[in-house]
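Accompanying notes for the structure given below.
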Number of protein chains: 2
Amino acid sequence: MSGGRSGERTYSISELAAEFDISPRAIRYYEERGLLTPRRSAGNQRVYTRRDRRRLKLILRGKRLGFSLDEIAEMIGMPETDLTEVEQIRRSLAYGRSKLEEIARRKKELAELEQDILATMETLEQTLDRLSKEGASHDPR
Amino acid sequence: MSGGRSGERTYSISELAAEFDISPRAIRYYEERGLLTPRRSAGNQRVYTRRDRRRLKLILRGKRLGFSLDEIAEMIGMPETDLTEVEQIRRSLAYGRSKLEEIARRKKELAELEQDILATMETLEQTLDRLSKEGASHDPR
DNA sequence: CTTTACGTTGACGTAAACGTTAAGTTTGAG
DNA sequence: CTCAAACTTAACGTTTACGTCAACGTAAAG
C-alpha cells in the first residue's frame, strides 16, 4: 500500500537486452556510467520501469548518432536536473539550445556526405555507360 | 621533367594537421589503416596532394558523424576501386546506395532526437513560467 | 657546416565501451 | 523442496583511435 498503485509495467535486464539487441553487460555498463538508475527487487535484481526503457532508447539513439556516453549523459541527464531549481532549468535550456545547434551541424554534414556519395555514384554510372557502349575494343589513350 | 608537369599544390603532414586541427600522428594512423596513401619525397617524407587532402576531409567528416574508421574506409575506398572493372563499379554503386539508406536513417534519428530535445525544453520552459508566476509561496502538493 | 625545426619508424601507454570468465545468489517451474 | 535459468558483483581481457616517448634522418636557416 505504500507509494502509489503499481500499474507500472516493468522489465528485467535480459528483456530489455533482447528487445534492443544489446548485451545485459552493456546495460549494466550504462548504469555504471550513471545513465540508468533502475530500482532493485527484494532479491537485489534490477527492475526497469517504462521510464528507464525510454532512457535506454535515448541512449541507443545517441550511440547510433555517434555521441559518446559522456555526451549522452549530459543530454539525457538534462531532464534529470532538479525540476525546482530555477537556475538549473535555465542551464538545461541553454544546454538544449547548444545541442540543437550541434544537431543542425550534423544535419549539414550528413547532407554534404550525401552529396559526395551522389557525385561519386554519378561518375561511376557514367563510366559504366561508357564502358558498355564502347564494347571491348578501344584505343586506350 | 619526368612524369607530368607539377602544377600540383602539395602539403606536408604538419600543414594538414594544423589546418584540420588534428595531430600528425592521427594522419599517420589513417595511413596505417589504409585510408590515405600519400607519395614520398626523395628524403622519404610524406607528400599530400589535393586529392589526399580531400580524402582527409572526408575521413574527418565521417568521424564527426560517428562512423568508425573501418566504415569510413569502405565509404571512401569506394572511389579507389579500379575504374575499369565493371563488376567493381557495380558493387561500388550498390554500396553507395546502402550508404545513402544509412544516411537517410541517420537523418530520421537526428530529427527524432531534435523532437525529444524540443519537447523537453518546452516542459522546462513551462515549469519556468509557472515558477516565476507563482512567486515563492505555494503549497507543494 | 652547424643548429634547429620538422619528419621517420617503432614501440609502448591509454581511455572508452564493452566482452568474458568466475563465483556466488535469486527466481520460477515442477 | 529441487534444480535450472537468470541474476548479481568483481575483475581481467579486448578493440579502437590515437598519445607519447625514443632514437634517428632530413630540410632549411644562418
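Hydrogens, waters and symmetry mates are skipped; everything else that's a heavy atom, side chains included, is used. Every chain is numbered from 1 and lettered A, B, ... according to where its sequence line falls, protein lines coming before strand lines.
In this structure, Glu8(A) does not pair ionically with Arg51(A), as no charged nitrogen and carboxylate oxygen lie closer than 4.0 Å. For the pair Asp116(A) and Arg61(B), the salt-bridge criterion is met [side-chain N within less than 4.0 Å of a carboxylate O]. Salt-bridge formation is not detected for the pair Glu74(A)/Arg91(A): no Lys NZ or Arg NE/NH1/NH2 atom is positioned less than 4.0 Å from an Asp or Glu carboxylate oxygen. Arg33(B) and Asp70(B) are joined by a salt bridge, as a carboxylate oxygen and a charged side-chain nitrogen come within less than 4.0 angstrom of each other. The pair Lys99(A)-Glu102(A) counts as a salt bridge, with a side-chain nitrogen and a carboxylate oxygen less than 4.0 angstrom apart.
Both the sub-6.0 Å distance and the 45° axial angle are satisfied by Arg106(B) relative to the ring of Phe67(B).
The salt bridge (Lys or Arg N to Asp or Glu O under 4.0 Å) test applied to Arg54(B) returns no partner, not counting sequence neighbours. With sequence neighbours left out, the side chain to side chain contact (heavy atoms under 4.5 Å, CB included) criterion links Glu19(B) to Leu16(B), Arg53(B). Annotation: salt bridge (Lys or Arg N to Asp or Glu O under 4.0 Å) contacts of Arg64(B) (sequence neighbours excluded): Glu109(A).
Here the closest non-hydrogen pair linking Leu128(A) and Arg90(B) is CD2-NH1, 3.9 Å.
A straight line from CD of Glu15(A) to P of dG28(C) spans 11 Å, rounded to a whole angstrom. Following rounding to the nearest Å, Glu32(A) (CD) and dA16(C) (C1') show an atom-to-atom distance of 12 Å. Atom CD in Glu71(A) sits roughly 12 Å away from atom P in dA16(C) (whole-Å rounding). What separates OH of Tyr29(A) from C1' of dG19(C) is a distance of 12 Å, to the nearest Å. For the pair Ile13(B) CD1 and dT8(C) P, the computed distance is 5 Å after rounding to whole Å.
Near-neighbour residues of DNA chain C inside residues 56-69 of chain B, defined by a heavy atom below 4.0 Å, are absent. Within residues 21-28 of chain B, the residues having any heavy atom closer than 4.0 Å to DNA chain D are, in order of number, Ser23(B), Arg25(B), Ala26(B).
Positionally, the nearest nucleotide of DNA chain D for Tyr30(B) lies more toward the 5' end than for the other of Tyr30(B) and Ala42(B). Residue Arg40(B) is the one, among Arg33(A) and Arg40(B), whose nearest nucleotide of DNA chain C lies closer to the 5' end (criterion: closest heavy atom).
Protein chain B touches strand DNA chain D; the 5'-most and 3'-most nucleotides with an atom under 4.0 angstrom of its non-hydrogen atoms are dA17(D) to dA27(D).
Annotation for Asp129(B): atom CG counts as buried by contact number, over 12 foreign heavy atoms lying within 6.0 Å.
Residue Ser41(A) places at least one side-chain N or O closer than 4.0 Å to OP1 or OP2 of dT27(C).
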